[in-house]
Amino acid sequence: MGALTTHILDTAHGHPAAAVRIDLYAEQGAGWMLLRSVQTNSDGRCELPLLQGADLQPGRYRLVFHMGAYFKRLGLTLPQTPFLDQIPLEFGVADARQHYHVPLLVSPWSYSTYRGS
């Protein structure tokens, strides 16, 4: 059974990013349809997979990580217009029977991602 999961690691502080809003979209025609909004737990993860089983279909997806609010909540001194605020990651699911883990490693100034397991 396939699944889509994610987690966020705050590389500037060396710990998981808790209480971060994540929006999941699926590509629908020429636009994007919001499927759900979730919040990370104290381990920087979502309590359940974002999608699993029959809900995960082949296609294009977008995760939007609301990192500006997270870094502001930490009390960091950032510009009024932060360098990174909402981070969209677009990716494809080719085989919905597989596990797609899409982590975000982030600081106020950079981010990276990969397909994990």
Side-chain angles (χ1 to χ4, degrees):
M1 174 171 70
L4 172 61
T5 57
T6 188
H7 76 273
I8 307 171
L9 297 175
D10 177 345
T11 57
H13 298 95
H15 57 73
V20 175
R21 179 176 147 198
I22 303 170
D23 297 327
L24 170 65
Y25 296 84
E27 189 174 46
Q28 298 286 316
W32 294 91
M33 180 176 74
L34 178 66
L35 298 179
R36 64 183 37 113
S37 292
V38 298
Q39 190 171 33
T40 58
N41 63 19
S42 62
D43 195 35
R45 298 177 183 275
C46 302
E47 294 295 331
L48 299 170
L50 298 169
L51 296 173
Q52 64 181 345
D55 290 336
L56 180 63
Q57 296 292 315
R60 304 244 356 119
Y61 293 90
R62 175 188 290 162
L63 289 169
V64 178
F65 298 88
H66 294 260
M67 298 310 303
Y70 165 80
F71 287 121
K72 184 176 181 179
R73 199 169 48 252
L74 291 181
L76 297 180
T77 303
L78 297 173
Q80 184 174 359
T81 303
F83 182 67
L84 295 175
D85 187 11
Q86 296 179 17
I87 300 172
L89 296 179
E90 293 181 13
F91 58 95
V93 169
D95 183 352
R97 297 169 298 173
Q98 294 185 16
H99 182 187
Y100 286 78
H101 184 65
V102 184
L104 181 71
L105 289 74
V106 64
S107 82
W109 311 108
S110 67
Y111 69 91
S112 64
T113 190
Y114 57 94
R115 180 174 175 198
S117 59

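Along the sequence shown, residues carry numbers from 1.
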Single-linkage hydrophobic cluster, 4.5 Å side-chain cutoff, [X] and [Y] together:
| X | Y | result |
| --- | --- | --- |
| Leu76 | Ile87 | yes |
| Val102 | Val38 | yes |
| Val93 | Leu89 | yes |
| Leu9 | Leu74 | no |

Q. Residues two or more places apart in sequence or in another chain: which of them pass salt bridge (Lys or Arg N to Asp or Glu O under 4.0 Å) with Asp10?
A. none
Q: Could you pull out all residues at least two apart from Asp43 that satisfy salt bridge (Lys or Arg N to Asp or Glu O under 4.0 Å)?
A: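 In terms of salt bridge (Lys or Arg N to Asp or Glu O under 4.0 Å), with neighbours along the sequence ignored, Asp43 is linked to Arg45.
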Can you name the side-chain contact (heavy atoms from CB on, under 4.5 Å) partners of [X], sequence neighbours left out?
| X | value |
| --- | --- |
| Pro88 | Arg62, Val64 |
| Pro49 | Ala3, Thr5, Gln52 |
| Phe83 | Trp109 |
| Thr11 | Leu105, Ser107 |

Q.
I'd like to check the side-chain hydrogen bond (donor to acceptor under 3.5 Å, both in side chains) partners of Arg115; sequence neighbours left out, ordered by chain and number.
A.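 Arg115 satisfies side-chain hydrogen bond (donor to acceptor under 3.5 Å, both in side chains) with Gln98 only.
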Q: Can you sort out the partners of Asp55 under side-chain hydrogen bond (donor to acceptor under 3.5 Å, both in side chains), two or more places apart, ordered by chain and number?
A: none
Q: Compare every heavy atom of Asp85 with every heavy atom of Pro82, then report the nearest pair and how far apart it is.
A: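 Closest heavy-atom pair between Pro82 and Asp85: CG-CB, 4.2 Å.
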Q: Identify the two heavy atoms, one from Leu78 and one from Pro108, that lie closest to each other, and give their separation to 0.1 Å.
A: CD2-CB, 3.8 Å
**Q.** Inter- and intrachain pairs under salt bridge (charged side-chain N to carboxylate O under 4.0 Å, His left out), touching residues 94-107, at least two apart
**A.**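 Every pair satisfying salt bridge (charged side-chain N to carboxylate O under 4.0 Å, His left out) with a residue in residues 94-107: Asp95-Arg97.
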Without placing hydrogens or testing angles, list every side-chain donor-acceptor pair under 3.5 Å for residues 14-36, not counting sequence neighbours.
{"unit_1": "Arg21", "atom_1": "NE", "unit_2": "Asp23", "atom_2": "OD1", "d": "3.0"}
{"unit_1": "Arg21", "atom_1": "NE", "unit_2": "Asp23", "atom_2": "OD2", "d": "3.4"}
{"unit_1": "Arg21", "atom_1": "NH2", "unit_2": "Asp23", "atom_2": "OD1", "d": "3.4"}
{"unit_1": "Arg21", "atom_1": "NH2", "unit_2": "Asp23", "atom_2": "OD2", "d": "2.9"}
{"unit_1": "Asp23", "atom_1": "OD1", "unit_2": "Ser37", "atom_2": "OG", "d": "2.5"}
{"unit_1": "Asp23", "atom_1": "OD2", "unit_2": "His66", "atom_2": "NE2", "d": "2.7"}
{"unit_1": "Arg36", "atom_1": "NH1", "unit_2": "Leu50", "atom_2": "O", "d": "2.1"}

Q) Going from CZ on Phe65 to OG1 on Thr113, what distance comes out if it is rounded to the nearest 0.5 angstrom? A)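 If I round to the nearest 0.5 Å, the distance is 6.5 Å.
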Q: Could you grab the distance from atom CG of Leu84 to atom CE of Met67, nearest 0.5 Å is fine?
A: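 These two atoms lie 9.0 Å from each other.
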Q) Do Leu51 and Tyr100 come close enough that some side-chain heavy atom pair is under 4.5 Å? A) no
